[in-house]
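Single-structure report; data block below.
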Protein chains: 2
Amino acid sequence: MSRTPPHPTREQIELPMVLDCLSDPIRLAIVYQLAQQEHVSSELCCGDFNALSGKSNLAYHFAKLRECGLMQTRVAGTNRFVRLRREDLDARFPGLLDAVITSAAKDADRLHLVSECEGVKAD
Amino acid sequence: MSRTPPHPTREQIELPMVLDCLSDPIRLAIVYQLAQQEHVSSELCCGDFNALSGKSNLAYHFAKLRECGLMQTRVAGTNRFVRLRREDLDARFPGLLDAVITSAAKDADRLHLVSECEGVKAD
DNA sequence: CCCGATGTTCAATAGTTCTTGAACTAATTG
DNA sequence: CAATTAGTTCAAGAACTATTGAACATCGGG
């Protein structure tokens with residue numbers, strides 16, 4: 001379980017799979033949250049998304065996001081860090097990711113998305 | 001059956017539904033075909049898509065495209081004309097439709113999309 | 001070495017989606 | 001009015017999706 005899971009190559013990334021992945025509210029929220037703080041850090045750890053659903057359900061959605069090429073997973077000790085594959089996506093589908101993020105931001109309330117600097121609860 | 005079917009208002013158009021709609025290969029092909037000849041005519045009639053699938057399956061996909069706000073259907077005698085709701089989509093999700101069309105065009109072969117001036121078979 | 005934390009995997013379930021063909025409706029044409 | 005054309009609606013089936021909880025694996029720390 002400790003090895004890095006498989007990722008598609010850039011060329012293997014398929015538009016319908018990407019769109020389907022982004023069409024699920026939980027996965028869209030994950031991608032949005034990653035994009036919102038890309039300028040702070042490109043990575044978040046899986047646990048940072050625990051507010052969105054149960055852990056096993058999140059693992060399912062992480063796998064989907066990884067398999068369709070939207071995210072990369074890095075194993076570090078007992079944690080896994082995920083990040084958007086922005087370079088690959090921008091090369092493959094120019095403007096798509098940004099258009100989705102921007103559109104999601106416009107509907108953040110309706111989509112129950114966490115805006116930047118929110119949702120980081122002090123312990 | 002003859003009345004114009006219901007369409008969502010611009011504000012009712014939801015991002016996840018739009019992305020989900022576009023993630024189906026047949027629906028993506030429909031949208032792509034409409035976009036490819038938007039500069040010739042904004043409308044096509046349902047029968048122009050018969051190459052993509054059977055009629056009842058197309059009716060199912062047309063309904064989905066209409067219900068999510070991607071297309072508008074106009075009834076004219078025994079025909080129905082469909083067109084992209086470009087103004088509404090661009091207002092709601094700026095750049096999204098164009099990014100999807102451009103991305104689809106790049107993968108036209110892989111996605112089995114009909115390029116412009118193709119698929120118009122003389123009788 | 002055992003504990004707790006982090007995440008994954010598995011099995012089961014409820015619900016959804018796509019596809020097909022047959023029956024239907026509605027307008028047009030002879 | 002009968003026949004044709006265009007497209008929808010309905011019912012049924014196969015396949016897939018999301019969600020849940022329980023069991024499991026792995027790492028790091030006392």
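The basis for the numbers below is simple: all heavy atoms, side chains too, and nothing from hydrogens, waters or symmetry mates. In what follows, chains carry the letters A, B, and so on, assigned in the order in which the sequence lines appear, proteins first and then strands, with residues in each chain numbered from 1.
The listed nucleotides are C:dT6, C:dC18, D:dT19; the one nearest the side chain of A:K55 is C:dT6. Set against D:dG7, C:dT19, D:dT19, the side chain of A:H61 has D:dT19 as its closest nucleotide. Among the nucleotides D:dT9, C:dG7, D:dA22, the one closest to any side-chain atom of A:N79 is C:dG7. Among D:dT8, D:dT20, C:dG7, the nucleotide with an atom closest to any side-chain atom of A:S53 is D:dT20. Of the candidate nucleotides C:dT28, D:dT19, C:dT8, C:dT28 has the atom lying nearest to any side-chain atom of B:T78.
Among the candidates A:R83, A:R74, A:R80, the single residue satisfying the side chain to side chain donor-acceptor pair (under 3.5 Å) test with A:E43 is A:R74.
Taking for each of B:D20 and A:G47 the nucleotide of DNA chain C with the nearest heavy atom, the 5'-most of the two is the partner of A:G47.
Atom OH of B:Y60 and atom P of D:dG7 are 20 Å apart (whole Å). To the nearest angstrom, P of C:dT19 lies 11 Å from NZ of B:K64. We find that CZ of A:F81 is positioned 13 Å from C1' of C:dA5, with the value rounded to whole Å.
Donor-acceptor pairing under 3.5 Å is lacking for the side chains of B:R85 and B:Q72.
Across all strands shown, B:L58 has no heavy atoms under 4.0 Å from either base or sugar-phosphate atoms. Among the heavy atoms of the strands lying under 4.0 Å from A:N57 is at least one base atom, whether or not backbone atoms are also near.
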